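Contents: one structure, followed by commentary.
What's counted below: heavy atoms across the whole structure, side chains too, no hydrogens, waters or symmetry copies. A note on names: the letters A, B, ... follow the listed sequences, proteins ahead of strands, and every chain is numbered from 1. Please read all numbers here as calculations on a predicted model, not as lab measurements.
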Amino acid sequence: MLRMSTLFLRTLRDDPADAEVASHRLLVRAGYIRRIGAGIYSWLPLGVITLRNIERVIREEMDSAGFQEVHFPSLLPREPYEATNRWEEYGPSLFRLQDRKGADYLLGPTHEEMFTLMVKGEYSSYKDLPLSIYQIQTKFRDEARPRSGIIRGREFVMKDSYSFDIDDAGLDVSYQKHRDAYIKTLDRLGMKYNIVRAVSGAMGGSKSEEFLAPCPTGEDTYVLCPSCGFAANVEAMVTKVDSVDSSTTPALEEMDTPNTPTIDSLVDVLNERFGGGFTGAHTLKNVMVMADGKAIAILVPGDREVDLKRFQENCGGIHELRTFEDSDFAKFPGLVKGYIGPQDAKALGITVYADPRIAPGTSWVTGANKINRHARNVVNGRDFTPDAYIEAAEVRAGDACPECATPVVIDRAIEIGHIFQLGRKYAQSLSLTVLDQNGKSQVVTMGSYGIGVTRAVAAIAEQTYDEIGLNWPVDLAPAKVHIVATGKEDLPFETADAIATELEAMGISVMLDDRRGTSPGVKFKDAELIGNPVIVVVGKSLEQGNVELRVRRTGDKQEIPLSGAARAIATLVESL
RNA sequence: CGGGGCGUAGCGUAGUGGCUAGCGCGCCUGCUUUGGGAGCAGGAGAUCGGGAGUUCGAAUCUCCCCGCCCCGACCA
């Protein structure tokens, strides 16, 4: 039983000045967490209890799916990460440190290497597989910009699982088992979420999905088809555009277009000269980027921006990607800034990637690679040929669903879980092999599955809070029942204590506000701010032999007789 | 890393060169009060983020550094 007279808790009347998003603001005000540094938080008792409740649900679902819990250190030696090249590849986000002898260590940002090595150390036969193991562990990432309180921290708790299979079919089964377990877990956590197609990116692997909790303060943007239910992270959005027959398109024609270095100015000139009807969508934008030191042109329709992250994820294998600077243009005198077209790319030694909207046979107005000159009727396949088609244009609400062509909607969300098929990358570089039926050595194939546990605290807070405070699902709240005793006599306090004791005996957790001399208003405000699902008030109505019962979420109030109150409260809790 | 904002008591804040750094919340003592963040009286609590400088005098002006928040870049 949590007695507020002794509970280590101080609620704040004012919003903390450094908290903007609701979950952060309320978790601080209600005394769950305190900030220690950017992206680093301490947990007070109420926060710890809530966090443990979420962990408990996750653990139960992982265990019941047959996954086994293990535990790794956060402090890790350099060598395993050297073997997979991630000591370097992870870049500045890795917390690196040295021991007294000068040996390199890191604080684990994720544990693929350690899991792989653990299995390698124990297993060596196909008969031991499949295997899925998991841990709940603190991760460290030196984020360039921690933000939104606990949503993106530099130290955070994650549940990470890994599956090990002998072949791709086995991996599919393990993946599906995790997917099912995640659905059960997030349902039990009372979260609203969408399962969304993701890009596996540099991690390789064939299949990847994210569990996104819709929320305006989320950092991820995803598309959703209102008709067929297709959902994808914007990076994984697929554009379907058919080829066009260009046999009747007139020949490429260059023209003088003085002083038109921007799409807008070009559209104006076109409309003036050819009697209107032109928009940015008729022009071809050539965005020059440097990818690991290599010059690349990205082609998108003129009315769209390039989404560099989307391009990078879909291209794969690019470490550093940035737009051209003046010094880069200096190396390519054939490129006239503001008048670039893809026609001469081959001659200039530039790789051309086209967004799928630049479909074969489509005709465009674009730069002529000469100052103050543009070209029209520039046809893909005739006047230029992209080296590859890569999704690169920004995704917009209203774009066509790749499954059913219905205009999609766009929403923001917090990424709460991510599952993906890793494949053999880690097993390969760390030599995790087992012998198959024929005694032949086989590289194991892996899956990787994560749930952000501390992030889930914030996401659930974001999805459930209201004007007066936090508002937890019944299984996650610090206590299921919050009993407030009011008045200056002993009777309400003794009565409240008795009900609390009875409820605890029934296995229902109770927070009891037994503070003497604290005014009722303060107690009510605190109860609402803390967000336990059922609030019981023992006070005034005691004269009629009643106690008052409120459901935090709905605000529904009722008076129930004192006799049998505990039983009635228990029934209400069960119904939530 | 680029842009913007900020740093004064546990929290929220006032204070643009001049008295002992002010107020609200919270905290302590006493009395009163007890159904919606109570009242009165008394009190404790601040190296004004740090350092250097300008000045008779600096929270306030200058320079350097540190930290925090927001937008963007970045982020298995």
Problem set entry | A:Ala144, nearest nucleotide to its side chain (from B:G35, B:A73, B:G12) | B:A73
Problem set entry | Pair partner, B:U29 [Watson-Crick or wobble, under 3.5 Å] | B:A41
Exercise. Side-chain donor-acceptor pair under 3.5 Å between A:Tyr162 and A:Asp160, yes or no?
Worked result: yes
Exercise. Among B:C75, B:G35, B:G36, which nucleotide sits nearest the side chain of A:Lys525?
Worked result: B:G36
Problem set entry | Contact nearer the 5' end of RNA chain B, comparing A:Gly517 with A:Glu219 | A:Gly517
Problem set entry | Spacing of A:Asp18 atom CG relative to B:C11 atom C1', expressed in whole Å | 11 Å
Exercise. Taking the C1' atom of each, how far is B:C28 from B:U47, in whole Å?
Worked result: 24 Å
Seminar exercise, completed: Of B:G36, B:G26, B:G12, the nucleotide closest to the side chain of A:Arg10 is B:G26
Problem set entry | Rounded distance (nearest 0.5 Å) linking atom OG1 of A:Thr486 with atom NZ of A:Lys540 | 8.5 Å
For this session: Take A:Glu528 and A:Gly39, find for each the nucleotide of RNA chain B with the closest heavy atom, and name the residue whose nucleotide sits nearer the 5' end.
Result: A:Glu528
For this session: Looking only at side-chain atoms of A:Arg35, point me to the closest of B:G35, B:C68, B:G72.
Result: B:C68
Seminar exercise, completed: Picking from B:C69, B:G12, B:U34, the nucleotide nearest the side-chain atoms of A:Ala17 would be B:G12
For this session: For A:Lys309, answer base if it contacts any base atom (sugar-phosphate contacts may also be present), sugar-phosphate if it contacts only those atoms, and nothing otherwise; contact means non-hydrogen atoms under 4.0 Å.
Result: base
Exercise. Base, sugar-phosphate, or nothing for A:Thr84, non-hydrogen atoms under 4.0 angstrom?
Worked result: nothing
Problem set entry | Among B:U34, B:G35, B:C75, the one nearest A:Thr486 by side-chain distance | B:G35
Problem set entry | Plane angle bin for A:Phe211 and A:Tyr193 - parallel if under 30°, tilted between 30 and 60°, otherwise perpendicular | tilted
Problem set entry | Nucleotide forming a Watson-Crick or wobble pair with B:G36, both distances under 3.5 Å | none
For this session: Round to a whole Å and report the spacing from CG of A:Asp15 to C1' of B:U13.
Result: 14 Å
For this session: Indicate, with a heavy-atom threshold strictly under 4.0 Å, whether A:Glu143 touches base, sugar-phosphate, or nothing.
Result: base
Exercise. For the side chain of A:Leu12, counting heavy atoms from C-beta on, which of B:C74, B:C11, B:G35 is nearest?
Worked result: B:C11
Exercise. Given the C1' atoms of B:C56 and B:G17, what is the spacing between them in whole Å?
Worked result: 12 Å
Exercise. Can A:Tyr222 and A:Glu210 be counted as having a side-chain donor-acceptor contact under 3.5 angstrom?
Worked result: no
Problem set entry | Whole-angstrom distance between B:G22 and B:A14, as gauged at atom C1' | 7 Å
Exercise. With rounding to whole Å, what would you report as the distance between B:G10 and B:G26 at their C1' atoms?
Worked result: 8 Å
For this session: Would you indicate which nucleotide in B:G35, B:C68, B:A38 comes nearest to any side-chain atom of A:Glu548?
Result: B:G35
Problem set entry | A:Phe324 and A:Phe329 aromatic ring geometry - parallel, tilted or perpendicular at 30°/60° bounds | perpendicular
Exercise. Can you tell me how far C1' of B:G72 sits from CZ of A:Arg147, to the nearest Å?
Worked result: 9 Å
Problem set entry | For B:C63, the Watson-Crick or wobble counterpart (both distances under 3.5 Å) | B:G51
Exercise. For A:Arg310, which of A:Glu391, A:Glu305, A:Glu394 qualifies under salt bridge (charged side-chain N to carboxylate O under 4.0 Å, His left out)?
Worked result: A:Glu391
Problem set entry | Gap between atom CG of A:Leu470 and atom CH2 of A:Trp472 - 0.5 Å precision | 5.5 Å
Exercise. CG of A:Asp14 versus C1' of B:G26: gap in Å, rounded?
Worked result: 10 Å
Exercise. Below 4.0 angstrom from OP1 or OP2 of B:C71, is there any side-chain N or O of A:Arg145?
Worked result: yes
Exercise. How far does CD of A:Glu82 sit from CZ of A:Arg86, to the nearest 0.5 angstrom?
Worked result: 13.0 Å
For this session: Write down the distance separating the P atoms in B:A52 and B:A38, rounded off to the nearest Å.
Result: 46 Å
For this session: Output the single nucleotide from B:C74, B:G35, B:C69 whose closest atom is nearest the side chain of A:Ala38.
Result: B:C69
For this session: Would you indicate what A:Val537 reaches in the nucleic acid, counting non-hydrogen atoms under 4.0 angstrom: base, sugar-phosphate, or nothing?
Result: base
Exercise. Can you check the A:Asp513 CG to B:G35 P distance for me, whole Å?
Worked result: 15 Å
Exercise. Now, which nucleotide makes the Watson-Crick or G-U wobble pair with B:U16, with each of the two distances under 3.5 Å?
Worked result: none
Exercise. CD1 of A:Ile40 versus C1' of B:C68: gap in Å, rounded?
Worked result: 12 Å
Exercise. For atom P, what is the distance between B:A9 and B:A46, given to the nearest Å?
Worked result: 10 Å
Exercise. Given that both distances must come in under 3.5 Å, which nucleotide forms a Watson-Crick or G-U wobble pair with B:C11?
Worked result: B:G24
For this session: Could you state the atom-to-atom distance from CZ of A:Arg515 to P of B:U33 in whole Å?
Result: 21 Å
Exercise. Expressed in angstrom and rounded to an integer, what is the separation of A:Leu27 atom CG from B:C11 atom C1'?
Worked result: 17 Å
For this session: Please state the P separation for the pair B:G7 and B:G49 - nearest whole angstrom.
Result: 8 Å
For this session: Assign A:Ser93 to base, sugar-phosphate, or nothing according to its heavy-atom contacts below 4.0 angstrom with the strands shown.
Result: nothing
Exercise. Considering every strand shown, what is the Watson-Crick or G-U wobble mate of B:A46 when both distances are under 3.5 Å?
Worked result: none
For this session: In whole angstrom, give me the gap between the P atoms of B:C11 and B:C19.
Result: 27 Å
Exercise. So what does A:Arg25 hit on the nucleic acid, given a heavy-atom distance under 4.0 Å: a base, only sugar-phosphate, or nothing?
Worked result: nothing
